[in-house]
Amino acid sequence: MSWGKTVSLFARSESHTDLAAARLARQASASLAGLLAGLGRSRSDLAKAMGVSPGRISQIMSGDANLTVRTLAAVAEALNAEVEITFHPRPRETGTNDSDGRDSSPLRSAGLGSYH
């Protein structure tokens with residue numbers, strides 16, 4: 001494999017990771033908004049419970065923030081809620097195997113293989 005192809009694959013992987021991270025942040029903020037509404041609590045209530053500024057809550061709720069596990073845990077503690085993170089395989093897409101038939105998924109590449 002040439003250096004150019006390696007860099008290209010890395011850039012593509014970074015792009016996929018950025019998209020996946022943005023999707024997860026949006027899911028977390030949507031779930032949090034639903035929980036707040038269900039509890040009858042406001043963003044201001046959450047800010048007070050967490051001891052942070054309303055601006056920080058806006059960042060968290062924007063769906064664009066790079067949320068850490070610590071931030072998610074702090075939100076959950078402030079709301080007396082649980083955070084559940086679940087990993088599961090994506091549906092297999094056509095054309096996801098290398099030409100030699102090996103699985104080219106990032107998990108396989110990282111030595112984490114499939115678990116079915």
Side-chain angles (χ1 to χ4, degrees):
M1 180 181 298
S2 72
W3 173 251
K5 189 171 183 179
T6 302
V7 171
S8 174
L9 289 174
F10 180 73
R12 192 177 121 222
S13 178
E14 286 287 313
S15 174
H16 285 284
T17 299
D18 290 344
L19 289 172
R23 186 172 47 252
L24 286 171
R26 285 190 308 272
Q27 288 173 353
S29 64
S31 178
L32 176 55
L35 178 61
L36 283 172
L39 295 172
R41 310 264 307 264
S42 69
R43 290 179 178 202
S44 180
D45 294 334
L46 178 57
K48 288 176 189 166
M50 290 180 67
V52 300
S53 72
R56 177 62 183 133
I57 299 305
S58 290
Q59 287 176 335
I60 292 168
M61 300 290 295
S62 73
D64 294 330
N66 185 8
L67 299 174
T68 64
V69 172
R70 181 178 290 277
T71 299
L72 295 174
V75 169
E77 285 299 310
L79 295 174
N80 194 29
E82 295 288 329
V83 176
E84 187 174 301
I85 299 172
T86 305
F87 288 87
H88 55 88
R90 292 182 183 134
R92 195 159 197 143
E93 297 177 20
T94 305
T96 58
N97 288 346
D98 289 335
S99 59
D100 65 1
R102 291 182 297 136
D103 184 350
S104 61
S105 73
L107 290 178
R108 175 74 70 187
S109 302
L112 298 173
S114 63
Y115 53 88
H116 8 180

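In this text, all values refer to a predicted model and were calculated from it rather than measured experimentally.
With sequence neighbours left out, L24 forms a side-chain contact (heavy atoms from CB on, under 4.5 Å) with Q27. A search for side-chain contact (heavy atoms from CB on, under 4.5 Å) contacts involving A78 returns L46, A49, M50, not counting sequence neighbours. For S44, the side-chain contact (heavy atoms from CB on, under 4.5 Å) partners at least two apart in sequence or on another chain are S42, K48. Residues satisfying the side chain to side chain donor-acceptor pair (under 3.5 Å) criterion with T68, sequence neighbours excluded, are T71. Applying the side chain to side chain donor-acceptor pair (under 3.5 Å) criterion to S62, with sequence neighbours excluded, gives no partner residue. With sequence neighbours excluded, the residues forming a side-chain contact (heavy atoms from CB on, under 4.5 Å) with A81 are L35, L79, listed by chain and number.
Follow the hydrophobic side-chain contacts under 4.5 Å out from F87 and you never reach L19; the two are in separate clusters. Cluster membership for I85 and V75, using ILVMFWY side-chain heavy atoms within less than 4.5 angstrom, is shared.
Listed here is the closest heavy atom pair of V83 and A76: CG2-CB, 3.5 Å. G63 and S29 make their closest contact through CA-OG, 3.6 Å (heavy atoms, listed as atom of the first residue, atom of the second, distance).
Taking a 6.0 Å sphere around CG of D18, one finds it holds more than 12 heavy atoms contributed by other residues, nucleotides or ligands.
To the nearest 0.5 angstrom, R43 atom CZ is 12.5 Å from D45 atom CG.
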Let me check something: any side-chain donor-acceptor pairs from residues 54-61 under 3.5 Å, sequence neighbours excluded? List them with distances.
from: R56; atom 1: NH1; to: Q59; atom 2: OE1; distance (Å): 3.1
from: S58; atom 1: OG; to: P54; atom 2: O; distance (Å): 3.4

